[in-house]
Structure formats: C-alpha cells, structure tokens
2 protein chains.
Amino acid sequence: MYLNLDAIDAKILFYLQKNAKMPIKEMSEYIHLSESAIHARIRNLEERGCIKNYVAVLNKSMVNKKLTSFTGLQLRTHTQYNLITSMELISKFPEVINCYMVNGDFDFLLHVAVADMQEYHSFFSNALLKVKNIETVKTFFVLDESKADNRIDLSRRSRMRH
Amino acid sequence: MYLNLDAIDAKILFYLQKNAKMPIKEMSEYIHLSESAIHARIRNLEERGCIKNYVAVLNKSMVNKKLTSFTGLQLRTHTQYNLITSMELISKFPEVINCYMVNGDFDFLLHVAVADMQEYHSFFSNALLKVKNIETVKTFFVLDESKADNRIDLSRRSRMRH
DNA sequence: TCTGAAATCGTAATCAC
DNA sequence: GTGATTACGATTTCAGA
C-alpha cells in the first residue's frame, strides 16, 4: 500500500524534489513549521521508503551529451527469455540512461543520451542492431524539453479544473 | 562548449549521481584522493554548471503513483504558435512529469505518472483530449523499468566493445 | 504531535604548506 | 594536490504546550 501523505508532507517533498540540500531552516520558514517538526517528518519519509534517494542531476550539455532520444524497439519473437535477456543487455549500454518495457507498438522504450549524431549512429549500428531478435527500431530525437525534472506533483489538485 | 572532465571528475560524478549525500570522506576512500581535493573538484563542477542541482527521488509506488506511461501526441496543424502554446499547457498538467518535443511520428512525448488506470482515464479524457489541435494520442504504459535512474555514464567506454 | 532551546556530532569550508 | 583547523548545519534530546 502507499503512504497517506498530508499537505505538509507534500510540501516537504515538493521542496526536496527541487533542492535536496535546502537547509531545514529555510524550509521551516516556507512551510511555517518548526525545524524539529520538519526534521522528524523528513526522517519519517526516508525511513518509510517514500524518498528513494538523493542524487545529483547533471547538465547534459556540459558533460558532452547534447543529443538525447527516445528509441522504441520491437522484438521479433516474444518469449519470456527473449524479453528478459534483451532488456538486461540493453540496460547495460552506456548510452541508455533509462530503459522501460512498455505495451503497444514497442517492447522497449529507451532514453538515450549521446554527444552528437555521429555517436548516435555508432550506438545504433554497433549496439542496437546487434541485439538478437530486433524487429524494428524507431527513434524520436528530443528537440526541446519543456519539462524534464522528473518531479512528481503531490498537491491534490483536481482534474476538474482543466 | 562542454567541460573536459578527467577520469577523477567522472568518478566523482558517478558517485554523486548515485548518492548526493555520500560523505566526502567515503568518496575520498573510493577514489584514493584527499578530502580537500575532492571537495575542491565538486565545488568546481558545481560552479561551472556541470552539476545542475541535487534532488530527492521519490518512490512512485509509495506516493500512490503506481501507473506510469509514455504518451505520444500528434497535433493537427503545426504552426509555431500551436506548438509552443500546446507545450506550455501540457507541461502544466500535474500528471505530466516530463514533456519532450520530438521529431518523428509524434510532436510531443509525455512521461505521465498517475495512481491507477481510472486516474489515467480521467487525465486522458479531461486533460489531454481537451488540448486544442490534438490529432492523435498513443499511450505506452510502462510494464517494467529495468533502468530508470537517469544516470549519465561518463566513463570513456568504447562502442567497439559491443 | 507540535514548539523552542540546548548540546552534540559530523561534515564542509578554509587555511597554510 | 595534502593535512590540520575552523565553522556551520544537521541531528538528538528535552521540557513543555
């Protein structure tokens, strides 16, 4: 089951998703709650596994990964063995930053980050196409990211507003 | 231009992408470099914008977002105005955790997180289908995530190995 | 369950070399 | 780059609301 988070927990998680190193003092001013209460709640959220971990997010263009894509893969034969072994192999490619098994037109959807088109070509030819049982590959190059921070909205906004 | 990172920087970024709160002392043991040297390098990487920020990553199933999808959208008419305004609107939907403009069969690829299929249905009907100029919507539900940590591999492994 | 204060601890920042 | 020192913020504890 999931945790029942109140409005204060949601606010804490909002700030932590934006800045994991926000001083508790600062957060306590935003939320209008004492530092000790904030601290206790954060520890609670960590202990109950609501917060998975804290990570550094890199600036892709500064680490020479200017080209990203979503790449859909379809396998030829769909045995359990094929799916698992392909997924394991694909996940190990250094260019693949995320690998999802999906339903629909593709079996896998990969999030790929490379330096440039030449590197993508190399990845495509030397890695992807050498995976056994690949039927089709379809690439969606990312042209623009209007939102790409992976933040989960926990405010209880109703769908009715739209 | 991008930064030229040496092997030590790559290692530091590897650990920070895994655990933003790793004590410098621990990292200094792994990398075999003094704490002050590590510290100086981290500050440098931060100041040069290589590290964008530090964030908390939530456990989706613990915050009642058990169902995720990638949803491809195609617009009917492709004026600059349509693209921009649609993107801005779509990015504001609380269910959309990432929104990418892409080439290929779709104009936008959305990363969506909701509680369950009922909530997805509501999002689909009450939000997505009410965006002006939507031609088609194609949903890929995520069945499994074999790699979903968004970590960028900065080790200089050659494609030739595959 | 919260507040506010006080003490402790560990880490990060700074310094001289 | 190293190693030692200083300063800061996080963490724990507690009495009390």
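Chain A is the first sequence line, chain B the second, and so forth, proteins listed ahead of strands; every chain is numbered from 1.
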Can you list the steps and then say if B:Arg41 with B:Leu33 is a side chain to side chain contact (heavy atoms under 4.5 Å, CB included)? CA-CA 11 Å; B:Arg41 277 169 178 267; B:Leu33 195 69; 4.0 Å; yes
**OP:** Evaluate the criterion ring-ring contact (aromatic ring centres under 6.0 Å, His included) for residue pair A:Phe108 and A:Tyr100; output intermediate values, then yes/no.
**Re:** CA-CA 6 Å; A:Phe108 301 111; A:Tyr100 306 93; over 10 Å; no
Here the residues of residues 24-52 of chain B within 4.0 Å heavy-atom distance, strictly under, of DNA chain D are B:Leu33, B:Ser34, B:Ser36, B:Ala37, B:Arg41
| request: Starting from the C-alpha separation in whole Å, work towards a yes-or-no answer on side-chain hydrogen bond (donor to acceptor under 3.5 Å, both in side chains) for B:Ser91 and A:Ser146. | output: CA-CA 7 Å; B:Ser91 296; A:Ser146 67; 2.5 Å; yes
Mutual orientation of the aromatic rings belonging to B:Phe140 and B:Phe106 [parallel < 30°, tilted 30-60°, perpendicular > 60°]
perpendicular
Across all chains, not counting sequence neighbours, the side chain to side chain donor-acceptor pair (under 3.5 Å) partners of A:Asn4 are none
With sequence neighbours left out, the residues meeting side chain to side chain donor-acceptor pair (under 3.5 Å) with B:Thr68 are none
Note to self: Quick one, A:Glu119 with A:Asp116, criterion side chain to side chain contact (heavy atoms under 4.5 Å, CB included). Give me CA distance, side-chain angles, the key distance, then yes/no.
What the structure shows: CA-CA 5 Å; A:Glu119 201 176 300; A:Asp116 49 31; 3.4 Å; yes
Review point. Quick one: does B:Asn53's side chain get under 4.5 Å of A:Asn19's, heavy atoms only?
Key: no
Grouping ILVMFWY residues whenever side-chain heavy atoms fall under 4.5 Å, the cluster of A:Ile84 otherwise contains none
The first and last nucleotides of DNA chain C lying within contact of chain B, meaning any atom under 4.0 Å from one of its heavy atoms, run from C:dT11 to C:dT14
Taking side chain as C-beta onward, heavy atoms only, is A:Leu89 less than 4.5 Å from A:Ser86?
-> no
So, with a heavy-atom separation below 4.0 Å from DNA chain D, the residues of residues 4-23 of chain B are none
